[in-house]
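First up is the structure itself, then whatever we jot down about it.
We name chains A, B, ... by the order of the sequence lines, and we start the count at 1 in each one. Note that the structure is a prediction, hence the values are computed from the model and not measured.
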There are 2 protein chains.
Amino acid sequence: MTLATRESDPANGPIPLPSKPRESLVHSLHDEVLARLREFIVEGNLAAGARVPERLLCERFGISRTPLREALKVLASEGLIELLPNRGARVRRIGEREIVELFDVMGGLEALAGRLACERISDPAFAEIERLHHEMYGHYLRRDLHGYFACNQAIHDRIVGAADNAALSATYAGFAGRLRRVRYSANLDDNRDRWGEAMREHEEILDALRRRAGAELGDILFRHLRNKRKAAASQEAAVTPPGEVVAAESA
Amino acid sequence: MTLATRESDPANGPIPLPSKPRESLVHSLHDEVLARLREFIVEGNLAAGARVPERLLCERFGISRTPLREALKVLASEGLIELLPNRGARVRRIGEREIVELFDVMGGLEALAGRLACERISDPAFAEIERLHHEMYGHYLRRDLHGYFACNQAIHDRIVGAADNAALSATYAGFAGRLRRVRYSANLDDNRDRWGEAMREHEEILDALRRRAGAELGDILFRHLRNKRKAAASQEAAVTPPGEVVAAESA
DNA sequence: TCATCCAATTTTGAATGCAATTTGACGAGC
DNA sequence: GCTCGTCAAATTGCATTCAAAATTGGATGA
């Protein structure tokens, strides 16, 4: 307390830090910046392959380059951006090949989650998933895509949560974030066959989970993700002519 | 078109930029520090729960605090250390619970690798794994623990490699690194039953891989890791009295 | 007209500096 | 004797600064 405390100066103001709550429970400025920057990129505010303008983002976030660059290193380790030596950061371009890879890993993680969930899930937690399943079915019948997606994601999240494995949850969330960037417009509305198939797969999922058949559920979940990927890929192929690349990097 | 082509200059020297620089070979100081620091921690040079002394490491690596702190953020995101606001970095203490979690995730990743490997593995790659398997069997018969471990790890690495999925390989390597820190002395020499069981499981693994039975191989691999974890846990329990914790953090 | 070269500007990577917080210790008070 | 409050030293987090590399723009020459 003996140090000159500036908080008595009301007109301090060079860096107002408006929205940041003082000393929120545990997180520092770095985490704040990291989360915001990740959100910023995942949301698609930066084109794939585009340079990440340090100075601009510094001004936008009201910070200096040091914490921003720290966040960039972390995002690079997460695979969201890539750091070219002496050439700055770019938003990683995700190719077709990598999308397939990410889907497969997601499938493996969900398979694991399903297996673990069968070992640990409580009856109330299962009942909640069952409820979500029926709600989702209602959305399916009504062709309510938005509600369907919400329930669908909630179910998968509950399964991962029921696995009760922090390392799995964190890894799953990381891959989900990486995949969220790709706009795989799995527009089920244009693909009624796939929608019905997905719904049937979810029936199998619920059934296996009810029977606590771990290995079986894992297998179903992996194939479920595989089919989802294939549907997304065909959709993508239908929308995007082959070979078309949004060139944002000349070299 | 207007790109300045420097390749006409024969005596350019330091970085000729011949054609297209693949970013993988170019490493900055940051990556160097990151790799060295990770190695430093994984190798166990810092006690679990101990503070990570910034200034000391700066002198040790001959760098300033900025790149070191960047590396610390990345290692924290990898789960090797934890960052307490205003209280610095500590080596993460891995509890019994987390070891179980990590083993399960490893099991899930290996199961995925096995499944994918069945889809993609070439005959020569399988033959190589088969060769390693027989070599490992020889080590088993001779009770050569070191050789056995080497072959064992080589086999698992080959399976992951055969999956041909960069995202999977990177994630697998990350978890392997986190687990390498824990000295689960699965000393098979004191646990002949487990050793024989592991050998039989590897027979099953090879058999399923030969038949390209993906789902089955995934199941075997997951259970293989589960059994390995259980053996390690019982071993740990036999060595460490229950409740004993190497307290390195007073708080 | 076009490609090549060179200097100025911008941008990146790392070091240093500074305020704020924590840590540890000493002494006053109960 | 023990607890609590105050203070100095060390540490942390972030901003600023500095050197080096890349990019840009114009000048030069074929």
(request) Send over the distance from B:E59 CD to C:dA15 P, rounded to a whole Å. (result) 13 Å
(request) Specify the separation, in whole Å, of atom NZ of A:K73 and atom P of C:dT12. (result) 11 Å
(request) Return the value, rounded to whole Å, for the distance between atom CG of A:L72 and atom C1' of C:dT11. (result) 13 Å
(message) Does B:R55 have more than 12 heavy atoms from other residues, nucleotides or ligands lying within 6.0 Å of its CZ?
(response) no
(message) Looking at A:R60, I want to see if its CZ is surrounded by more than 12 non-hydrogen atoms of other residues, nucleotides or ligands under 6.0 Å.
(response) no
(request) Record whether the side chain of B:S64 comes under 3.5 Å of the base of C:dA14 through a donor-acceptor pair of N or O atoms. (result) no
(request) Using the closest heavy atom to pick a nucleotide of DNA chain D for each, name whichever of B:T66 or B:P53 lands nearer the 5' end. (result) B:P53
(message) Taking the basic N atoms (NZ, or NE/NH1/NH2) and the acidic carboxylate oxygens, is any pair closer than 4.0 Å for B:K228 and B:E110?
(response) no
(message) I want to confirm an ordering. Mapping B:R51 and B:E70 to their closest nucleotides on DNA chain C, which one lands closer to the 5' end?
(response) B:E70
(message) Tell me whether the side-chain N or O atoms of A:R65 pair up with the base of C:dG13 as donor and acceptor below 3.5 Å, since no angle test is needed here.
(response) yes
(request) Could you check how far CG of B:L83 sits from C1' of C:dT22, rounded to whole Å? (result) 15 Å
(request) Round to a whole Å and report the spacing from CG of B:L57 to P of D:dT11. (result) 12 Å
(request) Mind calculating the distance between CZ (A:R69) and P (C:dA14) to the nearest angstrom? (result) 7 Å
(request) Round to a whole Å and report the spacing from CG of B:N86 to P of C:dA20. (result) 12 Å
(message) For B:R87 and A:P67, find the nucleotide of DNA chain D closest to each by heavy atoms; which residue's nucleotide sits nearer the 5' end?
(response) B:R87
(message) Counting only heavy atoms from other residues, nucleotides and ligands, does the tally under 6.0 Å from CD of A:Q153 exceed 12?
(response) no
(request) Provide, to the nearest angstrom, the distance between the CD atom belonging to B:E54 and the C1' atom belonging to C:dA15. (result) 14 Å
